Amino acid sequence: MIKKIPILDLKKQIAPIRKDLNRAIKDVIDNTAFIAGRQVECFEQEVSKYCNVKYAVGVSNGTDAIKLALIASGVKSGDGVICPAFTYYATAGAIASAGAIPVFADIYPDTYNISSLSIEEVLRRKKKLRIKAVVPVHLYGQCADMDNILEVARRYKLKVVEDTAQAFGAEYKGKKAGTIGDCGAVSFFPGKNLGAFGDAGMVLTSSKIIDEKLRILRNQGNKTKYHHLVVGYNHRLDTIQAAVLNVKLKYLDSWNKRRQGNARYFNQQLKGLEIQTPFVPKYTTHIYHQYVLRLNGPSKELVEHLINKGIDSRVYYPLPLHLQECFRYLGYKKGDFPESERAAEQTLAIPVYPDLTKRQMDYIISSIKEFLQ
Ligand SMILES: Cc1ncc(COP(=O)(O)O)c(C=O)c1O
């Protein structure tokens, strides 16, 4: 009998590196520099090297990373900011908490990432709004169509903040996700491919001015202690999280490779069936934060079937953002973003984490086949 297969098994990931993690955490406790300890700066330097980007600013989580990136890029209260209707809530939540107005655009049906055609259509339609920025999301672990997005952004003078919460380590035409636009916002939520032991995030940028603004904004508007230049926030990355992430970063590429291997196996074994495996365009790599399948009709019954078989399958995300209660004030209705609505209905994610065994994958595959027959 196969035991339950979770959507992610962090215990298996942590076990082989437990000693190093314990030592790193003990070091922080011994030094008691819980805020702004040397591990924060060290992790920022390691990320900046890993991503080949000039500046990396540690912050409290991915949501705050998006918010701070927007504010530091010059987005002001009442400005419009475009993002996809099909993403996790936090993308639009961060826009709203920066005081801006989320403006939704639709996605491409094959990659589930924001469509540059839809962005342009929104810009033409919403001429009265001061639209200042766009937040493409690299959903599930592969990059959005950045060249076309940057081209539209250039024409309309928009800032580009990449939501890299799910794609840290993926590459767009050889460049790391999050280093292509004005800023990249990263999440190190525990379930991400590189996850902390709590909340953590980072903003990537090649602009010295934005880097300086971010460092002030994340630390109560301080440049020197008790002298507040702007109304800032308590959005710092804490030292214990940085220490944990410093240990785990070394393993990220090998973990991502194993996810890619698992995805390849699923692709091969599900080929020719009435189910669509992930489409990866040539311009991007995919680090499979999620491995998402699509049916011709609703995915709900397959999700239920897999759960009954002990396989933790999920829908990311079942209700697009334009139909969420909290964004009702924006005035959208059902039918506004058909591709987002269809994706929400027809997709499902299955486990793809690095430590998944062949036996577990075969069981997932045979359970899917059983449903399709
Ligand atoms: C697409 C996307 N954006 C933003 C976030 C927010 O990140 P965090 O949970 O670290 O605030 C997440 C993750 O939860 C996400 O998946």
Side-chain angles (χ1 to χ4, degrees), residues 7-8 10 43 47 56-71 81-98 100 102 104-105 107 111-114 133-144 146 149 160-170 177-178 181 183-204 214 218 233-238 240-242 244-245 248 259 284 286-292 314-322 324 326-327 340 343-344 347 349 352-353:
I7 194 81
L8 175 66
L10 282 177
F43 183 55
V47 168
V57 183
V59 297
S60 34
N61 56 63
T63 313
D64 293 338
I66 300 168
K67 182 175 93 179
L68 293 185
L70 288 170
I71 297 171
V81 176
I82 298 175
C83 74
F86 188 63
T87 172
Y88 179 53
Y89 155 81
T91 312
I95 294 170
S97 56
F104 297 120
I107 55 163
T111 61
Y112 310 110
N113 275 327
I114 194 165
V134 57
V135 183
V137 180
H138 304 311
L139 199 69
Y140 304 143
Q142 68 172 343
C143 294
M146 290 307 292
I149 294 167
V160 179
V161 171
E162 302 167 60
D163 181 339
T164 313
Q166 300 189 4
F168 186 67
C183 291
V186 183
S187 164
F188 301 116
F189 179 80
K192 296 293 192 272
N193 291 24
L194 177 62
F197 283 179
D199 281 309
M202 192 153 280
V203 184
L204 313 174
L214 288 167
R218 75 171 172 181
Y233 309 88
N234 178 353
H235 285 348
R236 296 173 298 241
L237 169 62
D238 85 59
I240 286 190
Q241 300 311 334
V244 167
L245 290 163
K248 289 177 107 188
R259 285 175 182 267
T284 182
H286 200 324
I287 55 155
Y288 295 97
H289 174 56
Q290 302 297 348
Y291 181 89
V292 172
R314 311 254 180 109
V315 177
Y316 298 109
Y317 298 91
L319 187 64
L321 298 187
H322 65 291
Q324 296 283 349
C326 66
F327 295 126
S340 296
T347 59
V352 71
Y353 57 87

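What you see is a predicted model, and the numbers here were worked out from it, not measured in a lab. For ligands, and for the atoms within them, numbers begin at 1 and follow the listed sequence.
- Nearest protein heavy-atom neighbour of atom 14 (O) of ligand 1: Lys192 NZ, 3.1 Å.
- Close approach of ligand 1 to Val137 is summarised as follows: ligand atoms under 4.0 Å from at least one heavy atom of the residue are 1 (C).
- Of all protein heavy atoms, the one lying nearest to atom 16 (O) of ligand 1 is Gln166 NE2, 2.8 Å.
- Within the listing of ligand 1, atoms 4 (C), 5 (C), 6 (C) sit less than 4.0 angstrom from a heavy atom of Ala90.
- Ligand 1 has no N or O atom lying under 3.5 Å from any N or O atom of Asp64, backbone or side chain.
- Atom numbering of ligand 1 starts at 1 in the shown order; those under 4.0 Å from a heavy atom of Ser187 are 7 (O), 8 (P), 10 (O).
- In this structure, the side chains of Gln324 and Leu319 come closer than 4.5 Å at one or more pairs of heavy atoms.
- The Ala165 neighbourhood of ligand 1 comprises atoms 2 (C), 3 (N), 4 (C), 5 (C), 12 (C), 15 (C), with distances under 4.0 Å to a heavy atom of that residue.
- For Asp199, the closest heavy-atom approach to ligand 1 does not fall below 4.0 Å.
- The side-chain heavy atoms of Val352 and Tyr140, taken from C-beta on, include no pair separated by under 4.5 Å.
- Of the protein's non-hydrogen atoms, the one nearest atom 1 (C) of ligand 1 is Asp163 OD2, 3.5 Å.
- The Thr87 neighbourhood of ligand 1 comprises atoms 1 (C), with distances under 4.0 Å to a heavy atom of that residue.
- Between the side chain of Asn113 and the backbone N or O of Pro136 there is no donor-acceptor pair closer than 3.5 Å.
- Of all protein heavy atoms, the one lying nearest to atom 9 (O) of ligand 1 is Phe189 CD1, 3.9 Å.
- Between Leu139 and ligand 1, a contact under 3.5 Å exists for no N or O pair.
- At distances below 3.5 Å, not a single donor-acceptor pair connects side-chain atoms of Thr347 with backbone N or O atoms of Ala344.
- Within the 3.5 Å criterion, the main-chain N or O of Val59 finds no donor-acceptor partner in the side chain of Arg218.
- At least one test fails for Lys248 against the ring of Phe188: distance under 6.0 Å to the centre or angle within 45° of the axis.
- Although no hydrogens or angles enter the test, the distance criterion places a donor-acceptor pair under 3.5 Å between the side chain of Asn193 and the main chain of Ile287.
- Separation of the Tyr89 and Tyr317 ring centroids does not fall under the 6.0 Å cut-off.
- Relative orientation of the Phe86 and Tyr112 rings is tilted, given thresholds of 30° and 60° on the angle between their planes.
- Listed by number with element, the atoms of ligand 1 under 4.0 angstrom from any heavy atom of Thr63 are 6 (C), 7 (O), 8 (P), 11 (O).
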